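Just so it is clear, the model here is predicted, and its values are computed rather than measured. By convention in this document, chain letters (A, B, ...) are assigned in the order of the sequence lines, proteins followed by strands, and residues within each chain are numbered from 1.
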There are 2 protein chains.
Amino acid sequence: MESSSAPSGGSTRREATRQKLYEAAVTLIAEQGFSATTVDEIAERAGVAKGTVYYNFASKSVLFEELLRHGVGLLTASLREAAEQTARDGGSKVDALDAMIRAGLVFIDRYPSFTQLYVAELWRTNRAWQSTLMVVRQQAVAVVEGVLREGVDKGEFSEEIDVPLTAAALVGMVLVAALDWKSFQPERSLDDVHAALSRLLQGRVSGRG
Amino acid sequence: MESSSAPSGGSTRREATRQKLYEAAVTLIAEQGFSATTVDEIAERAGVAKGTVYYNFASKSVLFEELLRHGVGLLTASLREAAEQTARDGGSKVDALDAMIRAGLVFIDRYPSFTQLYVAELWRTNRAWQSTLMVVRQQAVAVVEGVLREGVDKGEFSEEIDVPLTAAALVGMVLVAALDWKSFQPERSLDDVHAALSRLLQGRVSGRG
DNA sequence: ACTTTTGCACTGACCAGTCAGTTCAAAAAA
DNA sequence: TTTTTTGAACTGACTGGTCAGTGCAAAAGT
């Protein structure tokens, strides 16, 4: 075979091509949707022949599915890291949630197209990649749920909170606020957006500031 | 201006056909996306000939655009009604927000497909109906923003809150929680979901219940 | 009378996926 | 060293199929 040779980790020619295809596909699909995006477009934007797409991926759907897995993997790792870091620093569970909100914002700031595409596809039914999507979604949400549950156990959060639903609501809060930020007020700083969401999380909306 | 068996000039038959087409299109597009849904499918599900689609709408895009306008119009009216009703009853602004959360949940409960489709298209760029979508979105969000602003003026909310961003976050909270509810825990009651979101809104997450 | 719907054949553009052929760097042979 | 071979990676013209939108005469509704 070949491989080996390349000293740095996983930097084969093939891997580089796949990466280019991911990047091309993510922006195009975020803009236009999966069906409206052609494989020719993806290949062209990646600077690659159409055949190369099919050499690297079994089909358009498979390319998309792997893109999805790859992206949500990054997000999940980032959320987990934020939670663990807070724990290491002896922070409370609210601090952990806050850190995860920030991690979410950083992620969306860095990969806005991916986020957009994810939201657009998440609740669709009857699609080939539906099951893949549910799995990766659950991995990400589970991190939030974990922190909430630990908070309940520690007595920091009310026992009456509905963990899965609250987790979903928190994720939605960050997701929609961030997408609106990127779409309609892109000039604002991440700190600014984070502060606003932090306030909402901690119930410091009611009452004067 | 529909229903009513009044013999007034405007033909009601046409209106009924349009309604059937809306209903067929909304579920199909929610499931599959705009591009993946064919006009033939829409016509078939509506129980109508393909020619009828084009007799009633200039194109597939126009049909979709009018569907979008129609749906968001219903939501906006419902939110506005909830806010006004609360005001009439002498409720606080938090009560108004709470009533709007419920109104949002009722809407999503009734029109889950529409909601799904709306979320999937909202942050897309480069699409024909993009501008239409931004206008109707703003109409809906403005209702929430209005209540927040009034709350700030009355001293009920902190002056430091970021009105547009907080409004977006609240909408996101309801949207995502509700879509998750419908997708993953459809057996739960609306009251249940409403209670969980209410708690989050009022900062009753931290501290024991 | 006139509006609306039907049914169906047709067109032209567009697109996912294929495949025979090319490239080129590294391994094997000379 | 120099030459030859190998094969993974890549290419792009081509195919078979799909779909938005058209045209129109006859039927159904009001």
- Message: Can you confirm if the NZ or CZ of K60(A) lies within 45° of the ring axis of F34(A) and under 6.0 Å from the centre of its six-membered ring?
- Response: yes
- Task: Name the nucleic acid region contacted by V48(B), choosing base, sugar-phosphate or nothing; use a 4.0 angstrom heavy-atom cut-off, strictly under.
- Result: sugar-phosphate
- Query: Are N56(A) and dC10(D) close enough that a side-chain N or O sits under 4.0 Å from OP1 or OP2?
  - Reply: yes
- Among the candidates dT22(D), dG7(C), dT18(C), find the nucleotide nearest to the side-chain atoms of Y54(A). dT18(C)
- Message: Under 4.0 Å from OP1 or OP2 of dT5(C): is there any side-chain N or O of Y55(B) that close?
- Response: no
- Roughly how many Å is it from CZ in R13(B) to P in dA28(D), rounded to a whole number? 12 Å
- Item | Length of the line joining Q19(A):CD and dA9(D):P, which is rounded to integer Å | 17 Å
- Query: How long is the line joining CZ of F34(B) and C1' of dA20(D), in whole Å?
  - Reply: 10 Å
- Look at all strands and tell whether T37(A) reaches a base, only sugar-phosphate, or nothing, counting heavy atoms closer than 4.0 Å. sugar-phosphate
- Message: So, does R14(A) get its side chain near the phosphate of dA9(D), meaning an N or O under 4.0 Å from OP1 or OP2?
- Response: yes
- Item | Sidechain N-carboxylate O distance under 4.0 Å for E66(B), R18(B) | yes
- Query: Does the dG21(D) base have a donor-acceptor partner in the side chain of K50(B) within less than 3.5 Å?
  - Reply: yes
- Item | Nearest-Å distance for atom pair CG/C1', residues L63(A) and dA16(C) | 13 Å
- Would you say dT4(C) has OP1 or OP2 under 4.0 Å from some side-chain N or O of T52(B)? no
- Grab the CD-P distance between E41(B) and dT18(D) for me, whole Å please. 13 Å
- Nearest-Å distance, CD1 (I42(B)) to P (dG21(D))? 10 Å
- Message: Nearest heavy atom decides the nucleotide; on that basis, is A58(A) or A49(B) closer to the 5' end of DNA chain C?
- Response: A49(B)
- Note on the structure: For T132(B) and E65(B), the nearest pair of non-hydrogen atoms, with its separation, is OG1-OE2, 2.7 Å
If you look only at distance, which donor and acceptor atoms sit under 3.5 Å apart when one is on a side chain in residues 106-115 of chain A and the other is two or more places apart or in another chain?
from: D109(A); atom 1: OD1; to: K182(A); atom 2: NZ; distance (Å): 2.5
from: T115(A); atom 1: OG1; to: Y111(A); atom 2: O; distance (Å): 3.0

- Item | Spacing between E44(A) atom CD and dC14(C) atom C1', to the nearest angstrom | 15 Å
- Would you find more than 12 non-hydrogen atoms of other residues, nucleotides or ligands less than 6.0 Å from E81(B) atom CD? yes
- Note on the structure: Ranking dT18(C), dT11(D), dA20(D) by distance to the side chain of V39(B), first place goes to dA20(D)
- Item | Between dT11(D) (P) and D40(A) (CG): distance, integer Å | 13 Å
- Task: Describe the nucleic acid contact of T38(A) in one word from base, sugar-phosphate, nothing, applying a heavy-atom distance below 4.0 Å.
- Result: sugar-phosphate
